[in-house]
Amino acid sequence: MKKKIIILTGAGISAESGLRTFRDTDGLWEGYHIEDVATTEAWQKNPSLVQAFYNERRKAVLSAQPNAAHLALSKLEEQFGTLIITQNVDDLHERAGSKAVMHLHGEIIYAQSSKNPALLYKMNKPTIEMGELCELGSQLRPHVVWFGEPVPMITKAMYEMPKADIVILVGSSLAVYPAAGLLELVRPAIPIYVVDPKIPAVYLPNPIIKIQEKASIAMPLLVEKLLAHE
Ligand code: APR
């Protein structure tokens with residue numbers, strides 16, 4: 001039976017691919033306050049600003065490449081039962097070759113009906129324009145979970161966490177729940193590796209192995225070690 005590794009990733013794993021994180025930039029995200037572009041109120045108040053903001057982000061994702069950290073993680077799937085639970089909306093894990101990826105906050109390369117969130121459309125162009133409608137006739141929006149919206153995949157993620165034999169946290173400040181709360185569901189004896197240049201506080205009884213390093217440096221070394229010892 002393969003050991004199960006669960007990797008929780010955040011914006012930091014895509015930082016070296018050129019995609020900005022959320023909290024490294026003194027509260028502004030690409031020049032906007034998050035509440036002006038990533039909430040349902042923002043969408044109600046000024047949908048074209050929100051649409052334009054995510055069109056910019058989507059263009060950045062499409063021109064970004066997976067980095068050594070994404071590629072290293074894809075190698076774990078040969079030897080381990082691997083699940084990546086990511087807060088990121090980019091598709092860099094998938095483009096690096098990872099198959100088992102769960103997106104807690106949505107995927108920016110999909111458009112979503114603004115009437116029925118279950119209606120998703122994989123995009124074949126970089127932007128969604130105002131006036132582009134779903135099959136129900138409602139405006140298409142990015143398939144991104146905004147603040148105040150439910151996190152549909154969280155139940156599935158919570159179900160998986162207690163099964164982990166090894167957990168790796170990469171590139172997340174653990175600032176946002178419910179994602180950050182997933183670590184509390186890991187069995188207490190299970191080791192948790194934390195990879196981040198600024199290690200976030202983790203108050204858990206588990207063995208915490210802190211690797212204060214950028215993901216693209218630390219992850220290939222950690223993956224090599226795990227593949228050699230298991
Ligand atoms: N390698 C590893 N970690 C890095 C790197 C790097 N090269 N650069 C930055 N980091 C770390 C930062 O130190 C920080 O701890 O990545 C983390 C980024 O934290 P956030 O910007 O808060 O991103 P994240 O934790 O993913 O945010 C969670 O908040 O705004 C919402 O929905 C949004 O999914 C996002 C959620």
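Computed from heavy atoms alone, side chains included, the values below leave out hydrogens, waters and symmetry copies. Start at 1 and go down the list; that is how both ligands and their atoms are numbered.
Closer than 4.0 angstrom to ligand 1 lie heavy atoms from G10, A11, G12, A15, E16, T21, F22, R23, D24, I34, Q87, H105, F147, G171, S172, S173, V176, D196, P197, K198, K214, A215.
Remark: L119 pairs with S113, N116, Y121, E135, L136 by the side-chain contact (heavy atoms from CB on, under 4.5 Å) rule, at least two apart or across chains. Looking at residues two or more places apart in sequence or on another chain, you find a side-chain contact (heavy atoms from CB on, under 4.5 Å) between I109 and L62, D91, K122.
The pair D165-R187 meets the salt-bridge criterion, with a side-chain N (NZ, NE, NH1 or NH2) lying under 4.0 Å from an Asp/Glu carboxylate O.
Cluster partners of I217: none. The rule joins Ile, Leu, Val, Met, Phe, Trp and Tyr whenever side-chain heavy atoms lie under 4.5 Å apart, and it links nothing here.
Annotation: cation-pi pair R57/F53 present, NZ/CZ under 6.0 Å from the ring centroid and within 45° of its normal.
Using cut-offs of 30° and 60° on the angle between ring planes, the pair Y54 and W146 is tilted.
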